[in-house]
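As structure tokens, the structure follows; a few thoughts come after it.
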Amino acid sequence: MGAAIVATILGLWLIIAPFVLGIDAGATETANDLGFWNDIIVGLLAFVLGAYSAYKIRDWRQDAQRPTA
């Protein structure tokens, strides 16, 4: 579950970083608009997949802890 949470947080950071740091700031510097949108799209994918993975792992753990009759 820890890796899923880290992926979610990193995805969120990829989405927010170009706006917070600016498009032309250091590590988030992009040569054109395509790089900017790449950060946003990859960030969204990482966020959604990480959040979904964390959700499914939580459900799986709850199902595993239920006593069987």
Side-chain angles (χ1 to χ4, degrees):
M1 182 150 175
I5 292 172
V6 169
T8 304
I9 292 169
L10 289 176
L12 189 59
W13 173 249
L14 274 174
I15 296 167
I16 295 172
F19 299 105
V20 172
L21 300 176
I23 295 172
D24 58 351
T28 62
E29 182 176 357
T30 58
N32 55 25
D33 287 339
L34 185 61
F36 171 80
W37 286 109
N38 181 62
D39 286 349
I40 302 298
I41 292 169
V42 171
L44 282 171
L45 285 172
F47 178 77
V48 168
L49 291 174
Y52 178 75
S53 180
Y55 172 77
K56 292 306 275 184
I57 290 170
R58 183 182 59 121
D59 283 351
W60 178 77
R61 284 185 179 175
Q62 287 176 352
D63 288 343
Q65 292 176 353
R66 289 185 187 149
T68 56

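Hydrogens, waters and symmetry mates are skipped; everything else that's a heavy atom, side chains included, is used. Note that the structure is predicted; figures quoted are calculated from it, not measured.
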Give me the atom names and distance for the closest heavy-atom approach of [X] to [Y].
{"X": "T8", "Y": "G50", "result": "OG1-C, 2.9 Å"}
{"X": "I15", "Y": "I40", "result": "O-CD1, 3.5 Å"}
{"X": "A4", "Y": "A54", "result": "CB-N, 3.6 Å"}

Is there a path from [X] to [Y] through hydrophobic residues (I, L, V, M, F, W, Y) whose side chains come within less than 4.5 Å of each other?
{"X": "L45", "Y": "L10", "value": "no"}
{"X": "L34", "Y": "V42", "value": "no"}
{"X": "V20", "Y": "I41", "value": "no"}
{"X": "Y52", "Y": "L12", "value": "no"}

Once rounded to the nearest 0.5 Å, what's the spacing between atom CD1 of I9 and atom CG of L14?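 Interatomic distance, I9 CD1 to L14 CG, rounded to 0.5 Å: 12.5 Å.
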Side chain proximity check, F47 to W13, heavy atoms < 4.5 angstrom: no
Flag the pair D39 / F19 as yes when at least one side-chain heavy-atom distance between them is below 4.5 Å, and no otherwise.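 Side chain of D39 against side chain of F19, heavy atoms only: no contact under 4.5 Å found.
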